[in-house]
Enquirer: 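I have a structure here, written as structure tokens, and I will follow up with some questions on it.
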Amino acid sequence: MSAMTSLALARLLSGGQALSLDRLAAQTGASPQTIRQNLGALQALGVRVLDDGFDRYRLDAPLDLLDGTRLRRDLATNVPGLVIDILDECDSTSTVLASRLPAAPSGMVVTCEYQHAGRGRRGHRWTSGLGASLTFSLLWRFGGGSAALSGLSLAVAVSVCRALKHRGIAGVVLKWPNDLLFEGRKLGGILIEISGSPQGPSTAIIGIGLNVRLPAEVSAAIDRPVTDLAEVANKGEGSANALPLPDRGSLLVAVLTGLAGMLQRYESDGFAVFRPEWEAQHAHQGKYVYLLRDNLTVAEGVAVGVGDDGALLLRTANGVERFHSGEVSLRTSGMGM
Ligand code: BTN
């Protein structure tokens, strides 16, 4: 999409009111033809635009765009150490942050309304929708070495789950090493990229993607079963008490606030202090699972938990074996998912 015009249109229409083609053109400075093309581009991203037949357009549903002023104010109140850059569109917030190394300070956050080339673990793509996902990356500098960061991604997952729970979104579970699942479908993912020396200092770019309100077109383009926070909030744990889903900005502040606290604790105590909470939310704790490398089963057994370094502990025919996440991925059947 042409980020400037499509986003400008999305902002103008986001409140739900119908606006004429002329007004949209006047307010964006684009020609009517460009407006039409960009409305088409919005549709392709799953933002449904309705035309009343008289060149008046409105969105089918309100669009939850970030309010930069409010977001910065709330972050400054809750976590003054974080600095946030809010982009309309980028390829990947983690790539943007990496391009700002080595000058970027610890606590720098990059987020965007639409990420068009999101990266997942082990070379996978991460697909998101315009205003329909939270995609953000946080830079954190550690005095210690990269060797101590093997459990970091699991601690991040615990922290995200905690923040969601605080905002009334319960029932999310974890798949080793750091996927967030609800009813067996993927809700969020974490990509951690570490640089520095094993002895220290070291730097982590913590990239997090959460599906918030994925349009059907976006979900259909993802090659695995997915869910979103809207569905989790709707089903709620004891759905009578289900709370309305907070807006993306409030969710982002909640998650970043939790992360900053978690990272300080991780620096002093490592993953060990988060381990019981991780295991309590482990989707496969005590279950028989398979570990795959290049789509081939390399181990199978009962998942008995994780170590203080974040390694998966698997009871196999050889006893309890340890596996690190860079090597393998977990499945509930011997075939690739
Ligand atoms: C995974 O489950 O494979 C990890 C997905 C991580 C996606 C997030 S979205 C924000 C950040 N930018 C990226 O390109 N990736 C991470």
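Every number for a ligand or one of its atoms is a count from 1 in the order of the listing.
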Enquirer: Can you name the nearest heavy-atom pair linking Thr135 to Thr93, along with the distance?
Expert: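 Minimum heavy-atom contact is O-CG2, 3.8 Å.
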
Enquirer: Mind telling me whether Tyr290 and Tyr288 have parallel, tilted or perpendicular rings, with 30° and 60° as the class edges?
Expert: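 Geometry flag for Tyr290 against Tyr288: perpendicular rings.
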
Enquirer: Run the side chain to side chain contact (heavy atoms under 4.5 Å, CB included) test on Glu231 and Arg185 for me, step by step, so that the C-alpha distance in whole Å, both residues' side-chain angles and the decisive distance to 0.1 Å come before the verdict.
Expert: CA-CA 11 Å; Glu231 184 179 353; Arg185 286 169 294 144; 2.8 Å; yes

Enquirer: Report yes if the side chains of Asp228 and Leu210 come closer than 4.5 Å at any heavy-atom pair, otherwise no.
Expert: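 In short, these two side chains do not touch, never coming nearer than 4.5 Å.
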
Enquirer: Just checking, is any N or O donor in the side chain of Ser94 or Arg119 under 3.5 Å from an acceptor N or O on the other one?
Expert: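 Distance-only check fails for Ser94 and Arg119.
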
Enquirer: Test Phe142 against every option in Leu152, Ile194, Thr203 by the side-chain contact (heavy atoms from CB on, under 4.5 Å) rule and name the one that passes.
Expert: Leu152

Enquirer: Side chain, backbone, both or neither: which part of Gln115 comes within less than 4.0 Å of ligand 1 when only heavy atoms are counted?
Expert: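 For Gln115, the contact with ligand 1 is made by the side chain alone.
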
Enquirer: Applying a strict 4.0 Å limit to heavy atoms, is Arg122 in contact with ligand 1?
Expert: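 The answer is no: ligand 1 sits nowhere under 4.0 Å from a heavy atom of Arg122.
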
Enquirer: Tell me which part of Ser94 gets within contact of ligand 1: side chain, backbone, both or neither, using heavy atoms under 4.0 Å.
Expert: both

Enquirer: Using a 4.0 Å heavy-atom cut-off, which part of Asn178 comes near ligand 1: side chain, backbone, both, or neither?
Expert: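 It is neither part, as no heavy atom is under 4.0 Å.
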
Enquirer: Check ligand 1 against Gly120 and write out every atom of the ligand that is under 4.0 Å from a heavy-atom position of the residue.
Expert: 1 (C), 3 (O), 4 (C), 5 (C)

Enquirer: Relative to the heavy atoms of Phe136, which atoms of ligand 1 are at a distance of less than 4.0 Å?
Expert: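 Selected atoms, number and element: 10 (C).
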
Enquirer: Backbone, side chain, both or neither: what part of Thr95 comes under 4.0 angstrom of ligand 1, heavy atoms only?
Expert: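 It is neither part, as no heavy atom is under 4.0 Å.
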
Enquirer: Provide the number and element of each atom of ligand 1 under 4.0 Å from a heavy atom of Arg121.
Expert: 1 (C), 3 (O), 4 (C)

Enquirer: If the cut-off is 4.0 Å to any non-hydrogen atom of Arg119, which atoms of ligand 1 fall inside it?
Expert: 5 (C), 6 (C), 7 (C), 13 (C), 14 (O), 15 (N), 16 (C)

Enquirer: Is the shortest side-chain N to carboxylate O distance from Asp55 to Arg36 below 4.0 Å?
Expert: yes

Enquirer: Out of all atoms in ligand 1, which are within 4.0 Å of some heavy atom of Thr93? Include the element for each.
Expert: 10 (C), 11 (C), 12 (N)

Enquirer: Hey, which atoms in ligand 1 end up nearer than 4.0 Å to a heavy atom of Asp179?
Expert: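 By the 4.0 Å cutoff, the relevant atoms are 2 (O).
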
Enquirer: CG/Leu9 to OG/Ser14 distance, rounded to the nearest 0.5 angstrom?
Expert: 11.0 Å

Enquirer: Near Gly118, which atoms of ligand 1 are under 4.0 Å from a heavy atom of that residue?
Expert: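 Those qualifying, in numeric order: 14 (O).
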
Enquirer: List the closest protein heavy-atom neighbour of atom 2 (O) of ligand 1: residue, atom name, distance to the nearest 0.1 Å.
Expert: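 I find the closest protein heavy atom is Lys186 NZ, 2.6 Å.
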
Enquirer: Is there a polar contact between ligand 1 and Trp126, counting only N or O atoms under 3.5 Å apart?
Expert: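 N/O-N/O distance under 3.5 Å: no.
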
Enquirer: Can Thr77 and Asp74 be counted as having a side-chain donor-acceptor contact under 3.5 angstrom?
Expert: no

